[in-house]
S.K.: 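Before I ask anything, let me first share the structure, which is written out below as structure tokens.
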Amino acid sequence: MASVKKEMQSLSKEKMVEILEKMLVIRYFEEASIKAYQQKKIAGFLHTYIGQEAVGVGTLAHKLPQDSVVTTYRCHGLALALGMPPRDGMAELFGKVTGCARGKGGSMHFFSKAHNFLGGHGIVGGQFGIGIGAAFKSNYDEDNAVSFIFFGDGATVQGTLHETMNLAALWDLPAIFICEDNQYGMGTANARAIANTDIASKAEAYGMKGYTINGMDLNEVHGRMGEIVKEVRATRRPVLIHMKTYRYTGHSVSDAGLYRSKEEVDAYKLKDPILAISREMVEAKVISEDEFKTLQKKTKASIQEALDFAEESPEPPLEELTQHVYMDDVGNA
Amino acid sequence: MPMIEMREALNQALKEEMTRDEKVFILGEEVAEFNGAYKVTKGLLDHFGPKRVIDTPISESGFTGLAVGAAMMGLRPVVEFMSFNFSLVAIDQIISNAAKMYYMSGGLYNIPMVMRGPNGAGPRVSSQHSHNMESVYAHFPGLRVMAPSTPLDAKGMLKAAIRCNDPVVFLENELAYNLKEEVPEGDYIIPIGKGDIKREGTDVTIIAWSRMMSLAKTAAEELAKEGINVELLDPRTLKPLDMPLIAESVKKTNRVVVVEEGHHFSSLGAQVAESVYSNLFDYLDSPIARVYQSENPMPYAANLEAATLPSVEKIIQAVKQVTYRN
Ligand SMILES: Cc1ncc(C[n+]2csc(CCOP(=O)(O)OP(=O)(O)O)c2C)c(N)n1
Ligand SMILES: [Mg+2]
């Protein structure tokens, strides 16, 4: 592999390095969060994005400021891909008031107004409506935005997906439905839950276009999503994307992983998206081996800084308990 | 002041608020071309066009979720449920999303959204079309719940709901849409959380809301003939309750009857009684009496339906109980 694949050739060196760095930030952030969980600094559920980085980073490289993004509880990776400072996310995981949701949301509920990141959501299939609502607003205000709606393969059999694809197609909403198919919903392999596992084919039922993309390949994700986002922005027609990907870690940290073999996981790790793109970039001399090592070091340091920040930050003061239940104070409540 | 029906009062509120703020839009089943299942949205499509008055498919979860997302991005949706029975299909959107969003986002995303439509028992529509949802929605922090009993209140309250920056569940009643009253033209607001004394009295306070207030009015007239002077208190907003007004009234009458259309168990009426006991126990001269729907799904048969629901007679009995006139 002597040159960068054609999809990436149009990118400047800076942009390529930025993409690689974002994938590293996510990987190291998630690894650090698992460790902090084991040290009991983080509690509750913790669903990591390790293995799926190329999907979020390759897709959201095409997000414009007016666009919006919504996803599931597996939300850290997308927030970081959008540019949320790792310290805001880590402090949220630690339940600190300096977190992106003031310590009130936790792992499953990252939000960022600066990026129109409309949240991580804990109910499987609960976020679809929010996503098409943002797309609706874009048409209402004619601001040329698109709405990125991420969801797991497990959510493809929730009624909300089908209701919202119908609405989006019916009303020409610029919604990009992105199924991150990591092949399992918790411990249930797709074939045991989904009657038709060709996810993209479901688009046809609503008169939408459907696309299947190898989500382990940053080049492919970045290149094809670039065209698709452009298309949706112009046509205002919704699309459904089937991203084939894989999660290396358990569903959440409490998952012993008895439903799949070590060989299967190891085989995917050989196709690791970060490994692949970094090798490619070094071979194509976009960056040198040394530059890559420096980048890794720098990124690790930024995650350490985030951990320190989270550790040192205060818990929310008790007054926060009843703040943000309502925005309006109507008295006598 | 013109004499108008409840549906017309609600219509005026919608029209005035949509005129005032172009971020306000309405969506729901049959709200546009059909003019609304109960004609509350009559004429709005012609006036504002299909961009802001939107007929939806029968997808309550989908369009309620859409409204939440639109609200997060700065619009102010008014969702009409053809009836609140069907809000159950969207309840995850209402509770997990609309009610919780502002809090779980640490104050980043508030949801300025109204969900409105008829709530409670319709005429002879049996078990699945007669749910009274007030206690369910009032239970969850993050939602405001309002339930007008008169056209005048309905207009001012709906306008307050639309201007509220938090999600409001606005409960109307099918049997009350044709109630008539003089309603001022133009702008006025009845603030969220403000109740009203519908009849001044000295002997007992009946706390009732929505259609139950109409029954309570009739009961009060009957009781007056027997020399019992009833005070009628309509909290209008069910969450938060106007406790200062309730306190004022209870301190005067020392006796309380709570009338609700919902069931007996885990109900809003039980909450009102608890609030009175906790805060005003020393002012009570008798235990609180409650009137409510019996603990069975709504039957179709006319006699069974009547036996299930609160009635003027049941309210009179409750008043006699707390005034020891039996
Ligand atoms: C409505 C609902 N049912 C069940 C759950 C419990 N649950 C959480 S994640 C999950 C699996 C979802 O799998 P998938 O959609 O493939 O997403 P992934 O976790 O693989 O990213 C389940 C069953 C839930 N959160 N919400
Ligand atoms: Mg999955």
Side-chain angles (χ1 to χ4, degrees), chain A residues 68 70 92 97 99-106 108-113 116-123 125-141 145 147 159-160 162-168 170-171 173 316 320 322-328 330-333, chain B residues 22-23 25 27 51-52 54 56-75 77 89-90 92-93 96-97 99-112 141-144 160 163-167 191-194 237 239-245:
Chain A
S68 63
V70 71
E92 189 60 35
V97 71
C100 61
R102 304 187 69 77
K104 289 172 170 174
M108 299 187 283
H109 307 301
F110 279 20
F111 289 84
S112 166
K113 206 152 193 176
N116 290 335
F117 185 49
L118 305 180
H121 293 275
I123 308 297
Q127 79 279 28
F128 290 117
I130 293 169
I132 64 161
F136 174 90
K137 183 268 180 190
S138 168
N139 282 358
Y140 196 92
D141 284 352
S147 171
T160 45
H162 298 272
E163 285 192 31
T164 55
M165 285 205 295
N166 181 64
L167 286 168
L170 187 70
W171 292 344
L173 304 181
E320 285 270 337
T322 51
Q323 275 168 15
H324 305 127
V325 180
Y326 301 100
M327 179 179 248
D328 290 355
V330 301
N332 69 26
Chain B
E22 63 177 30
K23 298 280 184 204
F25 68 99
L27 75 170
K51 177 185 164 183
R52 299 179 65 197
I54 303 163
T56 66
I58 310 155
S59 303
E60 283 82 1
S61 179
F63 67 73
T64 306
L66 181 151
V68 174
M72 290 177 82
M73 293 300 288
L75 300 185
V89 179
D92 178 52
Q93 296 301 319
S96 300
N97 288 353
K100 306 297 171 78
M101 196 72 71
Y102 188 54
Y103 195 80
M104 73 179 186
S105 68
L108 289 180
Y109 286 103
N110 64 305
I111 309 294
L143 299 175
R144 305 291 193 194
R163 294 184 200 182
C164 181
N165 290 305
D166 300 302
I192 295 176
K194 291 282 170 275
T237 295
K239 189 176 191 175
L241 280 173
D242 190 346
M243 281 312 290
L245 185 69

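In what follows, chains are A, B, ... by sequence order, proteins preceding strands, each numbered from 1. Computed from a predicted model, the values in this text were never measured in an experiment.
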S.K.: Chain B heavy atoms under 4.5 Å from A:Ser112: which part of the residue, side chain, backbone, both or neither?
M.R.: backbone
S.K.: Can you confirm whether B:Met101 sits close enough to A:His121 that some side-chain heavy atom of one is under 4.5 Å from a side-chain heavy atom of the other?
M.R.: yes
S.K.: Grab the two heavy atoms, one from A:Thr164 and one from B:Gly62, that are nearest each other, plus how far apart they are.
M.R.: CG2-CA, 4.2 Å
S.K.: Are B:Arg163 and A:Asp328 side-chain neighbours, meaning at least one heavy-atom pair lies under 4.5 Å?
M.R.: no
S.K.: Only pairs of heavy atoms separated by less than 4.5 Å count here; which of B:Glu60, B:Lys23, B:Lys100 has the most with chain A?
M.R.: B:Lys23
S.K.: Using a 4.5 angstrom heavy-atom cutoff, name the option from B:Leu245, B:Thr237, B:Leu143 with the most pairs to chain A.
M.R.: B:Leu143
S.K.: Is a side-chain N or O of B:Asp92 found less than 3.5 angstrom from the main chain of A:Gly126, in a donor-acceptor match?
M.R.: no
S.K.: Can you say whether A:Ile132 sits under 4.5 Å from chain B via the side chain, the backbone, both, or neither, judging by heavy atoms?
M.R.: both
S.K.: Nearest 0.5 Å please: distance from the CG atom of A:Leu118 over to the CG atom of B:Asn97.
M.R.: 11.0 Å
S.K.: Contact part of B:Asn165 toward chain A, heavy-atom cut-off under 4.5 Å: side chain, backbone, both or neither?
M.R.: both
S.K.: Is the number of heavy atoms from other residues, nucleotides or ligands within 6.0 Å of CG (A:Leu170) greater than 12?
M.R.: yes
S.K.: Of all of A:Gly119, A:Ala101, A:Gly106, which one pairs up most often with chain B through heavy atoms under 4.5 Å apart?
M.R.: A:Ala101
S.K.: Under 4.5 Å from any heavy atom of chain B, what part of A:Glu320 do you find: side chain, backbone, both or neither?
M.R.: backbone
S.K.: Using modelled atom types and a 3.5 Å cut-off, is there a donor and acceptor pairing between side-chain atoms of A:Lys113 and backbone atoms of B:Leu108?
M.R.: yes
S.K.: Can you check side-chain contact (heavy atoms from CB on, under 4.5 Å) on B:Phe63 and A:Glu163, steps first, answer last?
M.R.: CA-CA 8 Å; B:Phe63 67 73; A:Glu163 285 192 31; over 6 Å; no
S.K.: Is chain B contacted by the side chain of A:Phe128, its backbone, both, or neither, given a heavy-atom distance below 4.5 Å?
M.R.: neither
S.K.: Distance check, rounded to the nearest 0.5 Å: A:Met327 atom CE versus B:Tyr109 atom OH?
M.R.: 12.0 Å
S.K.: Could you check whether A:His324 and B:Tyr102 have their ring centres less than 6.0 Å apart?
M.R.: yes
S.K.: Just so I understand: if I count every heavy-atom pair under 4.5 Å between each of A:Asn139, A:Thr322, A:Thr160, A:Leu167 and chain B, which residue has the most?
M.R.: A:Leu167
S.K.: Starting from the C-alpha separation in whole Å, work towards a yes-or-no answer on side-chain contact (heavy atoms from CB on, under 4.5 Å) for B:Leu75 and A:Asp141.
M.R.: CA-CA 9 Å; B:Leu75 300 185; A:Asp141 284 352; 4.1 Å; yes
S.K.: So which of B:Ser59, B:Gly106, B:Ser61, B:Gly65 has the biggest tally of heavy-atom pairs under 4.5 Å with chain A?
M.R.: B:Gly106
S.K.: Minimum heavy-atom separation for A:Tyr326 to B:Lys239, with atom names?
M.R.: OH-CE, 3.7 Å
S.K.: When you compare the side chain of A:Phe136 with that of B:Leu27, does any pair of heavy atoms fall below 4.5 Å?
M.R.: no
S.K.: Can you tell me how far apart CE (B:Met72) and CG (A:Asn116) are? Round to the nearest 0.5 Å.
M.R.: 9.5 Å
S.K.: Side chain, backbone, both or neither: which part of B:Pro141 has a heavy atom under 4.5 Å from chain A?
M.R.: both
S.K.: Set out, in order, the CA-CA distance, both residues' side-chain angles and the distance that settles side-chain contact (heavy atoms from CB on, under 4.5 Å) for A:Leu173 and B:Leu66, then state yes or no.
M.R.: CA-CA 11 Å; A:Leu173 304 181; B:Leu66 181 151; 4.1 Å; yes
S.K.: Let me know if B:Thr64 has heavy atoms under 4.5 Å from chain A in its side chain, its backbone, both or neither.
M.R.: neither
S.K.: Can you check whether B:Gly69's main-chain N or O pairs, donor with acceptor, with A:Lys137's side chain at less than 3.5 Å?
M.R.: no
